[in-house]
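The next block holds one structure in the form of structure tokens; read it before the comments.
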2 protein chains.
Amino acid sequence: MNMSPRGQEQNQQMRTKAIAKITGAALEVFAEYGYYGATMKHIMQVSGLSKGLVYHYFPSKEKIFFHLVESALEISKNAWTEALNISGTAWQKIEKLSEILFKISFTNESSLYFLIMVQATTQGKGIPGLMEYMTEGGAHFDLLPPLIRTAQKAGDAVPGDPVILSTTYLALFQGYTLCLFQDKDIVKKITPATFTDVLRNRG
Amino acid sequence: MNMSPRGQEQNQQMRTKAIAKITGAALEVFAEYGYYGATMKHIMQVSGLSKGLVYHYFPSKEKIFFHLVESALEISKNAWTEALNISGTAWQKIEKLSEILFKISFTNESSLYFLIMVQATTQGKGIPGLMEYMTEGGAHFDLLPPLIRTAQKAGDAVPGDPVILSTTYLALFQGYTLCLFQDKDIVKKITPATFTDVLRNRG
DNA sequence: GTCTATACACTGATAGAC
DNA sequence: GTCTATCAGTGTATAGAC
């Protein structure tokens, strides 16, 4: 057998690959069955790795789930940062936000992370610290109400309580995310405007 | 011929009471932890009844959950029937629908049934027959698009694909239902108009 | 004695963890 | 692979009204 030590670089590569396999499998399984419905066995089967290897990289089922929630919040935060940092009016930023959130929520593989967020929301009560963690990690949502307020002054956004409008906008994304669980065809027909429209001033 | 030792009405009363205790406890537990996260033990503790008694009235955990989903769909269907049967314009029916759905979703104890619907949606894939059952039981949702079309012709509803608008309206209710899992204060500030507004023609 | 609501120790399977 | 806890579900016994 080959006893020669692997280079540090090679080791790192193997680690990264294994972790990617585990998180990828966990993402699928947790998204479909939820935290309690998902089993480590199922994650091991989907990833094609052994029990020992999975537990080598993650100490527990709970930590794997936390890791996915962390990634989901990061994806969300990055999307918001990208949208809100463009130069332009408040309304243009809102339109950009809809465009980016629409893309990552409904058109590519990252949509699974938004299913994870929903699963975390609906089952997080039994997992210590999770709800608090999500509240902290979702602090960027607070950027929307002032943006709406600015757009209202410019006459672009519909009148009304900016906090409620902001929640409505976010609830709409979450509501459509639930449609993904039912494989509804309707999701294929929506556009960023579907979301922007609830904030648009048509008066 | 009634051979029962206790009076029939007495027995019936005991049964009804026990079943109510079981379903009430199951409603709380399933709503909070989801199907897989809820345990029979937990349901027994909350109901204050023994294992034997619970299994005397329900053959399995799955059947209890199905029973709750069934009740939820019935509550939903009754609400729609009540709203859509009033005399008035299409728009008035939509306003009535918002009013009733808002009431049962966010202001009284039946709101737990809507959490059950969300739990069933997010975890139903692993429960044989559940998704199909929910699709069938939610057939009354198909009544909304034609109603929107009528309201559009009258100039009351916003222009756009009635099917997408209908889905948007329902997704908004579901999205706000998710807020209930997080005990968000914002839910106390919304009104039926929050939902009606996404369909309202303000042009 | 008979029926029925109720109780609870028990089983086999499977979970997470190491 | 192996351990332990816990899961859903069952078999059997008891209490009390007729």
Side-chain angles (χ1 to χ4, degrees), chain A residues 15 18-19 21-23 25-30 32-69 116 119-120 123-130, chain B residues 1-30 32-69 116 119-120 123-130:
Chain A
R15 281 165 176 269
I19 290 177
K21 272 188 187 173
I22 296 166
T23 52
L27 187 61
E28 283 181 42
V29 177
F30 279 125
E32 183 161 352
Y33 298 100
Y35 178 73
Y36 298 105
T39 68
M40 293 298 281
K41 189 179 176 183
H42 201 161
I43 292 172
M44 290 156 197
Q45 285 170 346
V46 173
S47 68
L49 304 177
S50 69
K51 288 187 181 189
L53 202 56
V54 172
Y55 273 100
H56 180 256
Y57 288 107
F58 289 95
S60 66
K61 178 183 177 182
E62 197 174 290
K63 284 284 164 58
I64 299 179
F65 192 67
F66 252 93
H67 182 259
L68 294 178
V69 171
I116 292 291
Q119 296 285 14
Q123 293 171 55
K125 284 251 180 75
I127 307 166
L130 184 62
Chain B
M1 224 38 51
N2 180 15
M3 304 285 274
S4 34
R6 284 192 201 85
Q8 194 179 2
E9 78 290 342
Q10 192 181 349
N11 262 328
Q12 192 56 45
Q13 198 177 324
M14 292 169 85
R15 282 166 176 268
T16 308
K17 201 170 171 183
I19 290 176
K21 273 187 186 173
I22 295 166
T23 53
L27 187 61
E28 282 181 43
V29 177
F30 278 125
E32 183 161 351
Y33 298 100
Y35 179 72
Y36 297 106
T39 68
M40 293 298 280
K41 189 180 177 183
H42 201 162
I43 292 173
M44 289 153 200
Q45 285 169 346
V46 173
S47 67
L49 304 177
S50 70
K51 195 159 201 165
L53 196 56
V54 172
Y55 275 99
H56 178 71
Y57 288 108
F58 290 94
S60 67
K61 179 183 178 181
E62 198 175 290
K63 284 284 165 59
I64 299 179
F65 192 67
F66 253 91
H67 182 258
L68 293 178
V69 171
I116 292 291
Q119 297 284 14
Q123 294 170 56
K125 285 252 179 73
I127 308 165
L130 184 62

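In what follows, chains are A, B, ... by sequence order, proteins preceding strands, each numbered from 1.
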For B:Ala18 and B:Tyr57, the nearest pair of non-hydrogen atoms, with its separation, is CB-CE1, 3.5 Å

Exercise for the section: Determine, for A:Phe30 and A:Lys61, whether the Lys NZ or Arg CZ falls below 6.0 Å from the six-membered ring centre while staying within 45 degrees of the axis. Expected result: no

For A:Ile22 and A:Val54, the nearest pair of non-hydrogen atoms, with its separation, is CD1-CA, 3.9 Å

Taking every heavy atom of B:Leu130 against every heavy atom of B:Gly124, the minimum-distance pair comes out as CD2-CA, 3.7 Å

From CG of B:Leu53 across to C1' of D:dG9 the rounded distance in Å is 15 Å

With sequence neighbours left out, the residues meeting side chain to side chain contact (heavy atoms under 4.5 Å, CB included) with A:Ser60 are A:Glu62, A:Lys63

Backbone N/O of B:Gly34 and side chain of A:Gln123: donor-acceptor pair under 3.5 Å: no

Here the distance between atom P of D:dG9 and atom OH of B:Tyr57, to the nearest Å, is 19 Å

Separation of C:dA5 atom C1' from B:Lys17 atom NZ, nearest Å, is 13 Å

>> Does a side-chain N or O of B:His56 approach OP1 or OP2 of C:dT6 to a distance below 4.0 Å, or not?
In response: no

Readout for nucleotides 11-18 of chain C: B = base within 4.0 Å of protein heavy atom, S = sugar-phosphate only, - = neither; 5' to 3' it is ----SSBB

